[in-house]
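Notes to accompany the following structure.
When a ligand or atom number is given, it counts from 1 through the structure's own listing order. Please read these numbers as outputs of a predicted model, since none were measured by experiment.
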Amino acid sequence: MNTYILAIESSCDETSVSIIKNGAEEISTVVLSQMDTHASYGGVVPEIASRMHVENITMVIEECLNKASMTMDSIDAIAVTYGPGLIGSLLIGLMAAKTLAFIYHKPLIPVHHHAGHIYANNLVKEMEFPLIALVVSGGHTELVYMKEHYSFEVIGTTLDDAVGEAYDKVARVIDLPYPGGPNIDKLAKEGVASYTLPRPLDDDSFNFSFSGLKSAVINLVHNEIQRGNEIRKADLARSFGDTAVDILSKKTMHALKKYDVKNLVVAGGVSANRWLRNRLTEECEKEGINLIIPEMKYCTDNAAMIGAAGYFAYKLGRRAVLSLNAKATEPLK
Ligand code: KG4
Ligand code: ZN
């Protein structure tokens with residue numbers, strides 16, 4: 001018997017709804033990005049994000065069902081991101097999911113946003129266990145050990161800034177438009193790594209620190225401006241990107257060795273980064289590690305990944321009551 005999950009994601013600036021079959025097959029997904037609106041402010045404005053979710057959520061649900069040529073009758077359960085994220089944004093998706101669950105008498109499945117990012121990999125290929133997941137987004141940088149489905153042991157995390165946040169701040173200081181990560185990624189292609197930058201927490205632990213690296217770039221730019229020197233933006237983007245990718249890759253490969261794991265999955269917005277993808281692909285080939293990195297469209301926020309995670313949560317009997325609340329911060333579980 002096939003299981004169809006209708007999933008809703010609205011934790012930040014994407015209103016997205018998806019229907020996923022058996023946790024692995026995408027039937028239809030609609031992603032309505034607010035990026036162009038927020039770009040003029042240089043970052044996501046939470047109040048605007050919530051309002052846009054309100055305006056769009058019903059339409060996105062309808063469009064997703066229409067695209068799939070399905071009705072709510074054939075849906076087995078509703079999965080929804082309940083956190084972490086912007087509280088106002090989360091609440092809109094959550095209210096929509098609760099309403100559907102209530103009216104159509106469907107189970108409501110709570111999905112942690114990062115579990116969603118990890119399970120995006122199951123849409124590419126069936127995930128095999130045990131595995132290490134590298135979760136790299138605008139809000140988090142984590143190494144997670146998974147012995148089996150839905151067992152998350154966070155073995156390392158950032159002690160300060162998330163790597164995506166560092167990308168965005170560095171982009172801003174060299175006047176690249178929001179969102180910064182993809183623009184640094186692109187500009188780095190034209191540069192050489194000629195700036196020397198610090199490598200915070202470059203040790204054997206699985207924790208990360210990106211605030212020192214970010215501040216070093218910001219200070220360097222300010223000092224050069226004060227001295228009247230020109231900033232070689234492409235070189236700086238390349239130097240910063242190379243340093244960040246090198247730290248992420250080294251720690252990930254070290255975790256695979258220490259935990260004697262042969263499977264690596266990569267998740268979160270920063271996994272769209274071409275340098276990180278290339279470096280991990282190379283290293284994993286060398287070490288005989290099975291690597292899955294989601295297609296670009298599954299790297300940034302989308303509801304397909306919530307549908308994939310939601311399926312396994314559903315199979316494990318996870319259910320939410322209608323009083324489920326949104327959580328701005330929440331440990332991975
Ligand atoms: O997972 P995501 O879409 O939202 C969060 O849950 O945070 O990740 C967004 C982050 C942003 O910081 C963005 O700049 C970064 O992912 N990002 C990238 C790239 N594409 C998105 N960072 C580096 N290189 C990219 N190509
Ligand atoms: Zn995300």
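At a threshold of 4.5 Å between non-hydrogen side-chain atoms, the residues Thr281 and Leu291 count as touching.
Contact annotation: Cys12 places no N, O or S atom under 2.8 Å from the Zn ion (ligand 2). His113 lies close to the Zn ion (ligand 2), since one of its N, O or S atoms is found at a distance under 2.8 Å.
With sequence neighbours left out, Glu165 forms a salt bridge (Lys or Arg N to Asp or Glu O under 4.0 Å) with Lys169. Take Lys189 and apply the salt bridge (Lys or Arg N to Asp or Glu O under 4.0 Å) test, not counting sequence neighbours, and it matches no residue.
The protein residues lying under 4.0 angstrom from ligand 1, judged by non-hydrogen atoms, are His113, His117, Ser137, Gly138, Gly139, Gly164, Tyr167, Asp168, Gly181, Pro182, Asp185, Gly268, Gly269, Val270, Ala272, Asn273, Thr300, Asp301.
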Could you pull out every donor-acceptor pair under 3.5 Å between side chains of residues 244-262 and any protein atom, sequence neighbours left out?
| from | atom 1 | to | atom 2 | distance (Å) |
| --- | --- | --- | --- | --- |
| Asp246 | OD1 | Arg279 | NH1 | 2.8 |
| Asp246 | OD1 | Arg279 | NH2 | 2.9 |
| Asp246 | OD2 | Arg199 | NH1 | 3.0 |
| Asp246 | OD2 | Arg199 | NH2 | 2.6 |
| Ser249 | OG | Val245 | O | 2.6 |
| Lys251 | NZ | Leu201 | O | 2.6 |
| Lys251 | NZ | Asp203 | OD1 | 2.8 |
| Lys251 | NZ | Ser205 | O | 3.1 |
| Lys251 | NZ | Ser205 | OG | 3.4 |
| Lys251 | NZ | Asn207 | O | 2.7 |
| Thr252 | OG1 | Leu248 | O | 2.6 |
| His254 | NE2 | Asp204 | O | 3.1 |

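A donor and an acceptor atom, one from each side chain of Ser209 and Asp160, are located under 3.5 Å apart.
The 12-atom threshold is exceeded at CZ of Phe129, counting heavy atoms of other residues, nucleotides or ligands nearer than 6.0 Å.
Residue Asp301 approaches the Zn ion (ligand 2) most closely through its N/O/S atom OD1.
For Arg232 and Tyr195, the positive end sits near the middle of the six-membered ring, less than 6.0 Å away and at most 45° from its axis.
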